[in-house]
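Lettering of chains follows the sequences in order, A, B, ..., and the numbering in each one begins at 1.
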There are 2 protein chains.
Amino acid sequence: MTISDIETPLAPPPTPMGTKERLVAAALSLFQAKGYHGVAISDILDASELPKGSLYHHFPGGKEELAIAAVGFIADEVDARLAAEFSKNKRAGAVLLELAHECVIWLQRSDYTQTPLLGLLAASPGESALTQAICDAQKRWLARFESALGGTEAAHDKACLALASLEGGISLARMSRSSDLLIRSVTLAALRINQR
Amino acid sequence: MTISDIETPLAPPPTPMGTKERLVAAALSLFQAKGYHGVAISDILDASELPKGSLYHHFPGGKEELAIAAVGFIADEVDARLAAEFSKNKRAGAVLLELAHECVIWLQRSDYTQTPLLGLLAASPGESALTQAICDAQKRWLARFESALGGTEAAHDKACLALASLEGGISLARMSRSSDLLIRSVTLAALRINQR
DNA sequence: AAGAAACCAGACCGTTCGGTCCAGTGCGGC
DNA sequence: GCCGCACTGGACCGAACGGTCTGGTTTCTT
């Protein structure tokens, strides 16, 4: 508990996050913007306004452990969101579009500096636990779509297209600094996914 | 002209590339595997078995200039390939599948360590000339698909889906260390693209 | 109230980074 | 034959990196 956690009556969320959460949040945003190797520990510390000791207290494994925690955080976040949407019995295409629209907001907020999770694969140290964490996250998302689509062979195909169009679309959006291309590719993919 | 450029009768390709080409080839492969910041100059030098002096002679701009050259190289390569396929009057979906199959070979050869060009965006220094080079490459490829599809609004949508499914599919393939997911997403996308 | 545990803070260290510099080297023209 | 020049080879440098270490402070337990 730090001073920033005290719930003051007039300023409810001055910095509502604890130290650990601040670190994860800063790390996630920076890693998705510049890749694992592109972010220095000092960058994360600057962004979260925390000293080095705090980081190595909460994450003795250093940079990589922090990165894994960040990936785990976003993985859970999206997974829970997917579960919620699918439980409303929405069609897969609709869920995909829903997700894409949230990505649009996220991209705009960050001024189109963010990259899809899979893009980080390129920037992660080869064959590391971090790479594994990214792969696990993707597999969970893929499985959500697949089972929601019926678990058939065709469902597998469609789930692949859903994720590929989303991740590829985010990349395109970042490139063009506009959400337009993301919406276009996801919409078309959703059409195909809802077919038959 | 170096010794490796001389066409000897009995050993045609002992080292068929000149110094500059060797550097670009090594750099491209490494950058696509580990991202801009993930590759050290010394890595490129080791891979190409060249000393530092050579690099800074051919690329006075250093690491970034080399990276830009590498991006330009692959951009031209793919662009020319697209132009050739489209000139055979193939349907866009067929060209996309053709391209995907070449990517499969390339991925297998590299043991699934390579990443699509756009994935490198995440790992490039923000707002640099390198970022611009990557964006330019993508826009050229996008334009090829778009004009081949008729240049209409619908063509634009389909071109986006083509590129997104390809880049996203490559990421999925790398993640799963299998070309299966790439083929699935691209095939489905091609079906949609050939519609109407 | 007091001692233990958890946590914050930042000076410090060895390594590695990208980049510079210059002394060789060997092939070309003259 | 020799001299110029494009290129190679690698020692070297300052900066920045990830990580360690040890005080000091807060918070929990009893």
Side-chain angles (χ1 to χ4, degrees), chain A residues 1-8 14-27 30-31 33-70 123-126 128-130, chain B residues 1-8 14-27 30-31 33-70 120 123-126 128-131:
Chain A
M1 163 96 62
T2 69
I3 188 168
S4 57
D5 290 342
I6 300 168
E7 300 243 333
T8 56
T15 311
M17 292 186 251
T19 301
K20 208 164 178 176
E21 287 75 17
R22 285 233 305 273
L23 283 169
V24 168
L30 284 168
F31 282 138
K34 306 204 259 178
Y36 182 77
H37 295 289
V39 177
I41 297 274
S42 60
D43 294 338
I44 298 169
L45 265 18
D46 287 350
S48 59
E49 294 181 304
L50 251 17
K52 216 169 224 184
S54 307
L55 195 161
Y56 282 91
H57 172 76
H58 292 287
F59 301 96
K63 193 181 184 182
E64 184 167 358
E65 186 182 340
L66 175 55
I68 291 171
S124 62
S128 63
L130 173 57
Chain B
M1 162 98 57
T2 69
I3 189 169
S4 59
D5 291 340
I6 299 168
E7 301 243 332
T8 56
T15 313
M17 290 186 254
T19 302
K20 209 165 176 174
E21 287 75 18
R22 285 233 307 273
L23 283 168
V24 168
L30 283 168
F31 281 138
K34 306 205 258 177
Y36 182 77
H37 295 290
V39 177
I41 297 275
S42 60
D43 294 337
I44 299 169
L45 266 18
D46 288 349
S48 58
E49 293 181 303
L50 251 18
K52 218 170 222 183
S54 306
L55 194 160
Y56 281 91
H57 172 76
H58 292 288
F59 301 96
K63 192 182 184 182
E64 184 167 357
E65 187 182 340
L66 175 55
I68 291 171
L120 288 183
S124 62
S128 64
L130 173 57
T131 307

* Asked: Run the side-chain contact (heavy atoms from CB on, under 4.5 Å) check on A:L66 and A:H58 step by step: do they pass?
  -> CA-CA 9 Å; A:L66 175 55; A:H58 292 287; over 6 Å; no
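Atom NZ in B:K20 sits about 11 Å away from atom P in D:dT8, given to the nearest Å. Between A:L55 atom CG and D:dT20 atom C1' there is a gap of 13 Å when expressed in whole angstrom units. For the pair A:L45 CG and D:dG19 P, the interatomic distance rounds to 12 Å; values are reported in whole Å. Note: NE2 (A:H58) to C1' (D:dT20) measures 17 Å, nearest angstrom.
With sequence neighbours excluded, the residues forming a side chain to side chain contact (heavy atoms under 4.5 Å, CB included) with A:S42 are A:A40, listed by chain and number. With sequence neighbours excluded, the residues satisfying side chain to side chain contact (heavy atoms under 4.5 Å, CB included) with B:A25 are B:M17. Scored by the side chain to side chain donor-acceptor pair (under 3.5 Å) test, B:T131 finds B:S124, B:S128 as partners (sequence neighbours excluded).
Nearest heavy-atom pair, A:A70 versus A:V24, reported as atom, atom and distance to 0.1 Å: CA-CG1, 3.9 Å. Annotation for B:G38 and B:D43: closest pair O-OD2, 4.1 Å, computed over non-hydrogen atoms. Counting all heavy atoms, side chain and backbone alike, A:I68 lies closest to A:A129 at CD1-CB, 3.7 Å.
With values rounded to the nearest 0.5 angstrom, B:I44 atom CD1 is found 11.0 Å from B:K52 atom NZ. Atoms CG and NZ, on B:L130 and B:K63 in that order, are 10.0 Å from each other to the nearest 0.5 Å. For the atom pair CG of A:L45 and CZ of A:R22, the computed distance is 10.5 Å after rounding to the nearest 0.5 Å.
Residue pairs meeting the ring-ring contact (aromatic ring centres under 6.0 Å, His included) criterion with at least one partner in residues 36-57 of chain B, sequence neighbours excluded, are B:F31-B:Y36.
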Could you list, one pair per line, each protein nitrogen or oxygen that sits under 3.5 Å from a nitrogen or oxygen of nucleotides 22-24 of chain C, together with the distance?
none

Scan nucleotides 11-18 of chain C against the protein and return all N/O pairs shorter than 3.5 Å with their distances rounded to 0.1 Å.
| unit_1 | atom_1 | unit_2 | atom_2 | d |
| --- | --- | --- | --- | --- |
| C:dG18 | OP1 | B:V39 | O | 3.2 |
| C:dG18 | OP1 | B:K63 | NZ | 2.7 |
| C:dG18 | OP2 | B:I41 | N | 2.7 |

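Within the 4.0 Å cut-off from OP1 or OP2 of C:dC8, at least one side-chain nitrogen or oxygen of A:T19 is found. Using a 4.0 Å cut-off, some side-chain N or O of A:H57 falls inside it from OP1 or OP2 of C:dC7.
In the helix from C:dA1-D:dT30 to C:dC30-D:dG1, the rotation axis of the first five pairs and that of the last five pairs differ in direction by 10°, rounded to 10 degrees.
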